[in-house]
A.B. asks: 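Quick one: structure below, then a few questions.
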Amino acid sequence: MNRVNILNASIDNLSKRELLELLNQYGGVVVTPNVDHLIRLQKDPDFYRVYQLSNYRVCDSKIVFLASMFLGSPIQEKISGSDFFPDFYTFNRNNKSIKIFLLGAAQGVAKKAQEKINAKVGREIIVGVYSPPFGFEDDEKECDKIIELINQSGATVVAIGLGAPKQEKWIFKSKEKLANINIFLAVGAAIDFEAGHKPRAPKWMSEVGLEWLYRLLYEPKRLWKRYLVDDIPFFWLILKQKLNLYKNPFWYIFEPKDDSPRKRISVFLP
Ligand code: UDP
């Protein structure tokens, strides 16, 4: 599989269609690198480690997409988690082996998303939902409860909207205990969007790389620091990469070299 290296993430250069087909054939863990992830990948070795173990890393962001062009190795398609998730359930509308559990968002929001998606698809494709309380990751009882809920739901897919890096870390902490789950989708705010709890930016804004501005104006208190402070060094780091001056701070952490998703899955999935 063709990959594009942006800072210390190697992004799979796939089309949406290819990803949908690969997932149905092999299953696997999907993460969606964006500017915020790439910044976190410079600081958080645990996040970097789980990123290395994911099976598919697809470009979530127009800015990352433009950076790939600037670096001379263009990614063929932006596949953001919030667009991919509806494509995934629509593609699998008649595939009865796909049963999805939604994990994340605020109380009641995942339930609302379930109702809307099931009505849209015309069957119970979302078989269970749970919105864990904030701070659940430090509460072992709560973590066990989540595993039990998912295992009892009969789901074969989990879509996790807990924000990064929580959702990615949760996947790798939990996946050995979820024997029936073949597909893990880290989808960020997609559950909020599906429920209609938060509005998605207009398409033209995403297309010109301004989705972050729309989200910032909608939730300034939560997002100002992320977009206006934390993520700014991204541009400097990309320039460094262009000049061959960028160094992966976690170069010593193992990265699977095999390009085939099958191999990556057989090694890392239960
Ligand atoms: N969230 C959650 N539990 C947590 C932290 C976050 O359910 O402990 C949810 C939050 O309600 C939001 C989602 O995680 O619905 C994703 O948020 P964010 O905007 O950070 O995701 P992004 O799409 O930017 O990765």
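Quick note: numbers below take in every heavy atom, side chains included, and nothing from hydrogens, waters or symmetry partners. Counting convention: from 1, in listed order, for ligands and their atoms alike. Quantities reported herein were computed from a predicted structural model and do not represent experimental measurements.
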A.B. asks: Of the backbone atoms (N, CA, C, O) and the side-chain heavy atoms from C-beta on, which set of Arg222 has a member under 4.0 Å from an atom of ligand 1: side chain, backbone, both, or neither?
C.D. replies: side chain
A.B. asks: List ligand 1 atoms under 4.0 Å from Gly104, heavy atoms only on the residue side.
C.D. replies: 7 (O)
A.B. asks: Are Tyr26 and Asn182 linked by a side-chain donor-acceptor pair shorter than 3.5 Å?
C.D. replies: no
A.B. asks: Are Arg200 and Phe193 in a cation-pi contact, defined as NZ or CZ under 6.0 Å from the six-membered ring centre and within 45° of the axis?
C.D. replies: yes
A.B. asks: Does the side chain of Leu71 come within less than 4.5 Å of Gln241's, by heavy atoms?
C.D. replies: yes
A.B. asks: Applying a 4.0 Å heavy-atom criterion (strictly less than), which segment of Asp192 is in contact with ligand 1: side chain, backbone, both, or neither?
C.D. replies: side chain
A.B. asks: Can you tell which part of Arg226 has a heavy atom less than 4.0 Å from ligand 1: side chain, backbone, both or neither?
C.D. replies: side chain
A.B. asks: Give the atoms of ligand 1, by number and element, whose distance to some non-hydrogen atom of Gly188 is under 4.0 Å.
C.D. replies: 13 (C), 16 (C), 21 (O), 22 (P), 23 (O), 25 (O)
A.B. asks: Any non-hydrogen atom of Glu219 lying under 4.0 Å from ligand 1?
C.D. replies: no
A.B. asks: Look only at interatomic distance and state if Lys198 has a nitrogen or oxygen under 3.5 Å from any nitrogen or oxygen of ligand 1.
C.D. replies: no
A.B. asks: Please verify whether a non-hydrogen atom of Ile191 lies at under 4.0 Å from ligand 1.
C.D. replies: no
A.B. asks: Heavy atoms only: give me the nearest Ala190-Gly81 pair and the separation to one decimal.
C.D. replies: CB-O, 4.4 Å
A.B. asks: Can you establish whether the number of heavy atoms outside Lys198 located under 6.0 Å from its atom NZ is more than 12?
C.D. replies: yes
A.B. asks: What are the atoms of ligand 1, with element, lying closer than 4.0 Å to any heavy atom of Lys166?
C.D. replies: 4 (C), 5 (C), 8 (O)
A.B. asks: Is it true that Arg93 and Thr90 share a donor-acceptor pair across their side chains at a distance under 3.5 Å?
C.D. replies: no
A.B. asks: So that I know where these two stand, are Tyr218 and Tyr214 an aromatic pair - ring centroids less than 6.0 Å apart?
C.D. replies: no
